[in-house]
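Only one structure is covered here, and it is reproduced in the block below.
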2 protein chains.
Amino acid sequence: MFRIVSEENMDVRCGDCLEVLKEVPDESVNLIVTSPPYADRRKNTYGGIEPDKYVAWFLPIAAELLRVLKPDGSFVLNIKENVVDGQRLTYVLNLVLELQRQGWRWTEEYLWVKPNPFPGKWSTRFRDAWEHLYHFTKSAEFQMHQERVMVPKGDWAKKQGTLSEKFHHRTESATGSGFGRNHAAWLDRDYVLPDNVLRLAVESRNRGHSAAYPVALPEWFIKLFSNQGDLVLDPFAGSGTTGVACKMHGRKFMGIDIHQQNCDITIARWKDTVPLTGKRSAA
Amino acid sequence: MFRIVSEENMDVRCGDCLEVLKEVPDESVNLIVTSPPYADRRKNTYGGIEPDKYVAWFLPIAAELLRVLKPDGSFVLNIKENVVDGQRLTYVLNLVLELQRQGWRWTEEYLWVKPNPFPGKWSTRFRDAWEHLYHFTKSAEFQMHQERVMVPKGDWAKKQGTLSEKFHHRTESATGSGFGRNHAAWLDRDYVLPDNVLRLAVESRNRGHSAAYPVALPEWFIKLFSNQGDLVLDPFAGSGTTGVACKMHGRKFMGIDIHQQNCDITIARWKDTVPLTGKRSAA
DNA sequence: AGCTCTTATGAATCATTGA
DNA sequence: GTCAATGATTCATAAGAGC
């Protein structure tokens with residue numbers, strides 16, 4: 001255990017995920033959003049869990065997550081198979097099967113589709129432009145607030161060939177916390193429910209830490225699966241993006257990371273984040 | 001065995017998939033593109049394989065597919081988990097694991113993302129807007145012609161991450177066989193390689209037969225993984241969409257289906273299809 | 001030709017009804 | 001009860017009509 005930094009509505013703990021989780025009370029967390037390290041043969045990368053041992057490594061952690069999650073809570077897992085020797089690794093498939101066996105309900109699989117994937121050229125594949133977003137729950141009935149993530153109707157969005165004119169200066173890039181902003185400007189338009197594909201650009205200007213998801217990603221699930229004042233947990237906090245989304249939308253945040261540097265970044269970003277107020281916060 | 005209708009470059013056989021495949025010579029097929037029936041509890045739907053028995057049902061068929069495929073060939077499997085009792089079924093996960101164990105190389109997973117998914121509203125999920133497109137091969141080296149499916153730079157890569165991109169789903173027209181169409185109009189532009197996400201609208205024109213994927217979907221893989229004159233197999237021909245793509249691009253087609261009505265439709269659509277000529281055929 | 005408006009419909013899911 | 005069939009819900013396309 002390294003140290004604990006705890007402020008009002010924020011609790012970042014540095015240490016081994018499994019050990020720290022044991023300190024968390026039963027059924028105290030409303031939502032878990034996380035992106036665990038990928039399986040990798042190289043030991044010196046973040047995490048560095050070997051593919052064959054990945055499921056065995058993750059399952060005890062998942063058992064703790066199942067314990068600390070409230071009955072109506074959700075667990076959103078962002079993950080993607082990497083390629084070894086020209087093949088996709090299968091540990092993700094096995095993980096989902098074992099999580100279900102452990103007691104998690106595999107409610108849905110959302111997708112994160114990236115319009116601007118990392119460039120590159122290979123002879124046997126194209127650029128990888130998507131990742132899994134598995135949605136697990138403890139019970140068949142869980143809190144879900146669909147109206148908070150509605151999007152402008154297709155007709156309206158499409159006819160705005162001049163969209164750039166209207167929202168010229170407001171880049172809806174991931175950094176700008178796309179969802180919920182400019183809500184007032186849309187109030188008189190027709191809204192529809194979204195589908196299970198999140199189309200979000202990768203953030204390019206990160207601070208040097210390994211590629212994290214854009215803020216809009218945890219933001220979407222936080223609005224969808226939790227209320228203001230609820231507690232959101234990220235057991236692999238990384239650069240603390242989940243925490244940023246929490247502060248923006250008035251959720252309590254608990255982050256865990258084994259690296260002191262990541263904890264420092266997570267805390268710094270949380271402190272730098274300004275909560276959304278009034279119309280700008282849709283939920 | 002029902003009957004065999006064979007013309008030049010077209011061979012549609014009605015009968016049980018597993019039995020018919022046994023008549024096909026070893027390593028005679030260049031590419032397999034198919035969308036098998038989904039697992040379902042209801043007996044009277046197409047196929048009607050129960051989820052628990054799905055993998056056991058499919059594996060012997062896959063073994064035949066492995067046998068008839070040429071060493072440098074590809075197998076593209078379109079499938080999607082359906083929901084039962086509020087959870088996604090897991091037979092697809094098990095199937096991929098078993099196929100790999102059988103000897104298939106899981107090279108890549110492409111996605112079919114639909115801008116126009118089936119409508120509906122439910123309390124625990126949104127509309128399902130995507131399906132799997134697993135890419136299996138026999139060996140690490142297989143034929144792949146990336147330059148044939150390049151896309152214009154402006155349409156894709158440029159506007160990435162903007163507001164309009166996020167809410168306006170950019171789509172290649174399915175009915176017009178989007179890929180390769182308007183090729184002349186693109187000649188003077190810059191091209192870039194695509195990513196592993198296919199954005200294709202569901203066709204709603206083909207009524208009567210159980211609507212399959214849009215023509216542009218097999219078209220993309222046929223151009224990518226086969227040459228003109230090659231033999232393409234669809235062991236679950238359904239409405240014969242794969243055959244249409246074959247005739248358009250000068251590939252030989254073998255289709256198998258257990259229902260006489262589907263075979264008739266497959267043959268009729270093949271006959272109605274006009275091969276692309278000159279500039280319009282990119283490959 | 002374009003442009004607007006209307007209409008039909010699709011590998012879905014869930015709750016309800018009927019056997 | 002368990003299982004199977006029916007109806008309500010919902011929206012991005014394409015096609016067709018009208019101007």
Side-chain angles (χ1 to χ4, degrees), chain A residues 105-109 135 140-142 144 146-147 150-161 189-197 199, chain B residues 33-52 54 77-89 91-92 111-133 164 166-178 181 199-218 234 236-242 257 259 262 265:
Chain A
R105 287 175 59 88
W106 181 23
T107 296
E108 179 58 309
E109 182 178 352
H135 177 209
E141 290 170 13
F142 50 91
M144 185 176 193
Q146 303 188 346
E147 71 286 352
M150 293 179 88
V151 294
K153 198 171 181 177
D155 273 354
W156 177 78
K158 195 164 46 170
K159 286 177 183 173
Q160 305 296 316
R189 308 287 179 175
D190 285 338
Y191 284 80
V192 296
L193 294 171
D195 54 40
N196 59 358
V197 176
R199 300 158 181 87
Chain B
V33 180
T34 196
S35 184
Y38 296 171
D40 204 321
R41 281 182 174 165
R42 295 166 303 208
K43 299 283 185 185
N44 54 353
T45 49
Y46 182 84
I49 302 98
E50 295 178 42
D52 292 345
Y54 197 91
L77 178 65
N78 169 223
I79 200 165
K80 173 71 187 191
E81 305 90 345
N82 42 326
V83 174
V84 170
D85 296 332
Q87 293 192 76
R88 291 276 169 200
L89 293 174
Y91 66 93
V92 173
L111 286 187
W112 173 24
V113 172
K114 318 170 194 182
N116 58 341
F118 199 92
K121 185 187 190 318
W122 311 278
S123 61
T124 58
R125 67 188 65 253
F126 293 130
R127 293 173 299 147
D128 190 3
W130 65 276
E131 296 187 16
H132 303 274
L133 288 167
S164 66
K166 198 174 298 178
F167 291 125
H168 166 33
H169 314 161
R170 201 160 295 280
T171 309
E172 299 286 339
S173 168
T175 41
S177 105
R181 200 166 66 135
R199 300 157 180 87
L200 298 171
V202 178
E203 289 185 37
S204 58
R205 283 201 312 172
N206 307 329
R207 39 191 150 177
H209 38 84
S210 59
Y213 43 56
V215 180
L217 200 149
D234 186 344
F236 302 97
S239 57
T241 307
T242 304
D257 203 284
H259 290 119
N262 281 341
I265 294 168

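Chain A is the first sequence line, chain B the second, and so forth, proteins listed ahead of strands; every chain is numbered from 1.
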Polar-atom pairs under 3.5 Å, protein N or O versus N or O of nucleotides 8-10 of chain D: list them with distances, or write none.
residue, atom, partner, partner atom, Å
D:dT10, O4', B:Gly120, N, 3.3

* Asked: Could you state the CG-P distance from B:Asn82 to C:dC14, rounded to the nearest angstrom?
  -> 10 Å
* Partners passing side-chain contact (heavy atoms from CB on, under 4.5 Å) against B:Arg125 (at least two apart in sequence or in another chain) -> A:Thr107, A:Glu108, B:Val83, B:Arg88, B:Trp122
* Could you check whether B:Ser123 gets within reach of a base, just the sugar-phosphate, or nothing at all, counting any heavy atom under 4.0 Å? => nothing
* Rounded to the nearest Å, what distance is computed from the CG atom of residue B:Leu217 to the P atom of nucleotide C:dG10? -> 18 Å
* To do: Specify the separation, in whole Å, of atom CG of B:Asp128 and atom P of D:dC11.
  => 16 Å
* Does B:Arg125 place a side-chain N or O at less than 4.0 Å from the phosphate oxygens OP1/OP2 of C:dC14? -> yes
* Does the gap between the ring centers of A:His135 and B:Phe126 come in under 6.0 Å? -> no
* To do: Hey, can you tell me if B:Tyr54 and B:Tyr91 have their rings parallel, tilted or perpendicular (30° and 60° cut-offs)?
  => tilted
* To do: Any strand is fair game: report the nucleotide pairing with D:dT6 by Watson-Crick or G-U wobble, both distances under 3.5 Å, or none.
  => C:dA15
* Structure fact -> Assign each of B:Gln87 and B:Pro117 the nucleotide of DNA chain C bearing its closest heavy atom; nearer the 5' end lies the nucleotide of B:Pro117
* Rounded to the nearest Å, what distance is computed from the OH atom of residue A:Tyr191 to the P atom of nucleotide D:dC11? -> 14 Å
* Whole angstrom is fine here: how far is it from CG in B:Asp85 over to C1' in C:dA15? => 13 Å
* **B:Asp234 side chain vs B:Thr34 backbone, donor-acceptor pair below 3.5 Å** => no
* Tell me: CD of A:Glu141 to C1' of C:dC14, nearest whole Å? -> 13 Å
* Tell me: NZ of B:Lys114 to C1' of C:dT9, nearest whole Å? -> 14 Å
* Structure fact -> To the nearest angstrom, the CZ-C1' distance between B:Arg199 and D:dT13 comes to 18 Å
